[in-house]
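Accompanying notes for the structure given below.
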Amino acid sequence: DGVDVRAGEATDLGDLTLEAGGKIRGRVMSRPEGLPVPGASVRVKGSGLFDFRSMFSAEGTVLTDLAGRFELRGLPAGQTTVVVEPPNYAKAEVAGVAVEPGTEPDEIVVNVGKGGRIEGRVLGTDGRPKSGSMVTAMAGMADFSPQLSASTDDQGHYAIENVAAG
């Protein structure tokens, strides 16, 4: 049912009841050391082809505590993907995480590794090194999550660390 709103008039919708939603609890651990990863950004991936939420807002994002623990709350029921973006490690995603409002969730463990390194050199059309150029690594054209990037030095060299495999 829609709501009929008229210019210059207030429309009373009465009382609205909100559902608490479900939770996801977990820990982020380093691989292969098995140590907790504090300060990792954890969120649920948006549904649909494009994940614009991560590009424009930190809403729904939590940081892991000193023990690598996190808890996401107020989530709709169903299957979802958890995205972890830790400092000094490669981004990781865990698909198929079940959210069941009204139940206490099992803890998931997200293992993150150092990832790979992309390096190279940028030259101008004249064949000379280009300093101060920005080079960005993206997972694909529809990837609007925070990007990994680096600036070229005086010799045109750059290095991007902790790039997820793939």
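- A 4.5 Å side-chain heavy-atom check between Pro105 and Glu100 finds every atom pair outside the cut-off.
- Cluster membership for Val3 and Leu16, using ILVMFWY side-chain heavy atoms within less than 4.5 angstrom, is not shared.
- Taken together through direct or relayed side-chain contacts under 4.5 Å among Ile, Leu, Val, Met, Phe, Trp and Tyr, Met29 and Val83 form parts of separate hydrophobic clusters.
- Between Gly156 and Pro129 the shortest heavy-atom distance is N-CB, 3.7 Å.
- For the pair Thr64 and Val42, the minimum side-chain heavy-atom distance is below 4.5 Å.
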Check against salt bridge (charged side-chain N to carboxylate O under 4.0 Å, His left out), Lys114 and Glu161: CA-CA 8 Å; Lys114 288 291 186 182; Glu161 303 286 346; over 6 Å; no
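- Looking at residues two or more places apart in sequence or on another chain, you find a side chain to side chain contact (heavy atoms under 4.5 Å, CB included) between Thr136 and Met134, Met138, Gln147, Ser149.
- Under the 4.5 Å side-chain heavy-atom criterion for grouping Ile, Leu, Val, Met, Phe, Trp and Tyr, Val62 is connected to Val112 within one hydrophobic cluster.
- Taken from OG in Ser30 to CG in Asn88, the straight-line distance is 11.5 Å, to the nearest 0.5 Å.
- The closest side-chain heavy-atom distance from Val135 to Ile160 is below 4.5 Å.
- When every heavy atom of Glu93 is checked against every heavy atom of Lys91, the shortest pair comes out as OE2-CE, 3.6 Å.
- A salt bridge does not link Glu107 to Arg69: none of the charged side-chain nitrogens sits closer than 4.0 Å to a carboxylate oxygen.
- Residue Asn111 holds its CG atom at 11.0 Å from CZ of Arg27, rounded to the nearest 0.5 Å.
- A distance of 11.5 Å separates CG in Leu123 from CZ in Arg128, rounded to the nearest 0.5 Å.
- Enclosure of atom CG in Asp15 is not indicated, since only 12 or fewer non-hydrogen atoms of other residues, nucleotides or ligands lie within 6.0 angstrom.
- To the nearest 0.5 angstrom, Glu119 atom CD is 8.5 Å from Tyr158 atom OH.
- Across all non-hydrogen atoms, the minimal contact from Pro87 to Gly39 is CD-O, 3.5 Å.
- Side-chain contact between Pro36 and Val28 is absent, with no heavy-atom pair separated by less than 4.5 Å.
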Side chain to side chain contact (heavy atoms under 4.5 Å, CB included), that's the test. Do Leu63 and Ser41 meet it? Break it down for me. CA-CA 5 Å; Leu63 296 177; Ser41 170; 4.2 Å; yes
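- Glu85 approaches Arg43 most closely through the heavy-atom pair OE1-NE, 3.7 Å.
- The neighbour count for Leu66 CG, taken as heavy atoms of other residues, nucleotides or ligands under 6.0 Å away, does not exceed 12.
- Of all heavy-atom pairs between Ala150 and Ala159, the closest is CB-O, 3.3 Å.
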Side chain to side chain contact (heavy atoms under 4.5 Å, CB included) between Arg121 and Lys130: does it pass, once the steps are laid out? CA-CA 8 Å; Arg121 190 169 179 214; Lys130 293 277 289 180; over 6 Å; no
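- Leu72 pairs with exactly one of Val99, Thr61, Val44, Thr80 by the side chain to side chain contact (heavy atoms under 4.5 Å, CB included) rule, that one being Val44.
- The pair Arg25-Glu71 meets the salt-bridge criterion, with a side-chain N (NZ, NE, NH1 or NH2) lying under 4.0 Å from an Asp/Glu carboxylate O.
- When side chains are defined from C-beta on, Thr81 does not count as touching Val94, because their heavy atoms never get closer than 4.5 Å.
- Considering only heavy atoms from C-beta on, Phe70 comes within 4.5 Å of Ile24 through its side chain.
- Atoms CG and CD, on Asp4 and Glu9 in that order, are 8.5 Å from each other to the nearest 0.5 Å.
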